[in-house]
Amino acid sequence: MRIATWNVNSVRARLPLVSAFLEKHQPDVLVLQEIKGEDDTFPRAAFEGQGYHAEVFGQKAYNGVAILSREKPYNVLRGLPGDPPDTQARYLEVTIGGVRIASLYVPNGNPLDSEKYTFKLAWMDRLTARARVLLATEEPVLLAGDFNVIPTAKDVDDPSGWEHDALYAPPVRAAFRALVNLGYTDALRTLHPDDPRLFTFWDYKARSWERDAGIRIDHVLLSPEAADRLTEAHVDRAWRDEPQASDHAPVIVELSCWALR
DNA sequence: ATGGTTGTTCCACAA
């Protein structure tokens, strides 16, 4: 089972690239973040024409997550339990082929010491509570998306440039670590323990891509039942080099697939 | 410390 995650920074602006990605890699599941539009603006017909179901949780202009899949998704959950009534579209969870899969987009949280920062920490607390519930099911679970967290100094080209940023703040990194330490496996880092350039995001500004001044903030976390089946994980950097690229590259993982249902 | 870029939308705001 091939599963990919990609922060596309507007699915409408990125439709040609996303379609090319599906065509090339034929993933069983592609989870998207920052689709940046309401559900009725999602290019559903284009993806259905390529043989994919689309589950969408969007909002106007900002945020928005979606899950494309070959098989029909079931038991759809929109938003995190405990979200405020004016919830931002940042979390979508479905079951596909016996695997519980979440597409998530953690708040950016900048600047530090703002309401956005406290909202990020509160959101991560709700995510951790949800992750604990999912672990208890003892089913294969995959939490994938843009976590907006640089886990360690190994995950950033130049740590000094991020010292005062909400993606690298110690409490944010501690919250991510606590989530992983519930019992999840960081698929990318586990399979590439010593790669010093395992990045998924390069800012549009300051020629970051050309300098490979990247960070690793897009993650795939696996429950033990999913981690048992992990055979492959990598960043597909080529999509960051395309014309009209997103500022994120997709992450692709493979789970060996037998009798998951 | 500042400025650098992209997308959505309507004008700044978010990233």
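Letters A, B, ... mirror the listed sequences (proteins, then strands); counts begin at 1.
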Q: Could you give the distance separating B:dG7 and B:dG3 at their P atoms, to the nearest angstrom?
A: 22 Å

Q: On DNA chain B, check which nucleotide each of A:D247 and A:Q244 is closest to and give me the residue with the more 5' one.
A: A:Q244

(Q) Heavy atoms only, 4.0 Å cut-off, all strands: where does A:R211 land among base, sugar-phosphate and nothing? (A) nothing

Q: Mind calculating the distance between CD (A:E38) and C1' (B:dG7) to the nearest angstrom?
A: 16 Å

(Q) In whole Å, I'd like the distance from the OH atom of A:Y204 to the P atom of B:dA14. (A) 18 Å

Q: Return the value, rounded to whole Å, for the distance between atom CG of A:D203 and atom C1' of B:dG3.
A: 11 Å

Q: Please confirm whether the backbone N or O of A:L32 pairs with a side-chain atom of A:S103, one donor and one acceptor, at under 3.5 Å?
A: yes

Q | Nearest-angstrom distance, C1' atom, B:dA14 to B:dG4 | A | 16 Å

(Q) When the P atoms of B:dC10 and B:dT6 are compared, how many Å lie between them, rounded to an integer? (A) 22 Å

Q: Using atom CD1 of A:I35 as one end and atom C1' of B:dA14 as the other, report the distance to the nearest whole Å.
A: 16 Å

Q.
Can you tell me which nucleotide in B:dA15, B:dT8, B:dC10 comes closest to the side chain of A:N63?
A. B:dA15

Q) Can you check whether A:K36's main-chain N or O pairs, donor with acceptor, with A:R12's side chain at less than 3.5 Å? A) yes

**Q.** Between B:dT6 (P) and A:L17 (CG): distance, integer Å
**A.** 14 Å

(Q) Looking only at the side chain of A:K116 (C-beta and beyond, no hydrogens), which of the listed nucleotides B:dT9, B:dA15, B:dG7 gets closest? (A) B:dA15

Q: Starting from P on B:dT2, measure out to CG on A:D165 and report it in whole angstrom.
A: 17 Å

Q: State whether A:R207 places a side-chain N or O below 4.0 Å from either non-bridging phosphate oxygen (OP1 or OP2) of B:dT5.
A: no

**Q.** Residue A:E34, side-chain heavy atoms: nucleotide from B:dA15, B:dT9, B:dA14 that is nearest
**A.** B:dA15

Q: For the pair A:H53 (side chain) and A:I67 (backbone), establish whether a donor and an acceptor sit closer than 3.5 Å, ignoring hydrogens and angles.
A: no

Q | Which residue lies more 5' along DNA chain B, comparing A:A13 with A:N148 via nearest heavy atoms | A | A:A13

(Q) Between A:D83 and A:R90 (salt bridge meaning N to carboxylate O under 4.0 Å), is one present in this structure? (A) no

Q.
Determine whether the aromatic ring centres of residues A:F176 and A:F147 are separated by less than 6.0 angstrom.
A. yes

Q) Is A:R130 positioned over the aromatic face of A:Y91, cation under 6.0 angstrom from the ring centre and no more than 45 degrees off axis? A) no

Q) What integer distance in Å separates A:K205:NZ from B:dG7:P? A) 14 Å

(Q) Please tell me if A:K60 has a side-chain N or O lying less than 4.0 Å from either OP1 or OP2 of B:dC10. (A) yes

Q. Can you tell me how far P in B:dA1 sits from the matching atom in B:dA15, rounded to whole Å?
A. 23 Å

Q. What is the nucleic acid contact for A:Y105, judged by heavy atoms within less than 4.0 Å: base, sugar-phosphate only, or nothing?
A. sugar-phosphate

Q. Rounded to the nearest Å, what distance is computed from the NZ atom of residue A:K36 to the C1' atom of nucleotide B:dC13?
A. 10 Å

Q) Looking only at atom P, what distance separates B:dT5 and B:dT9, rounded to whole Å? A) 23 Å

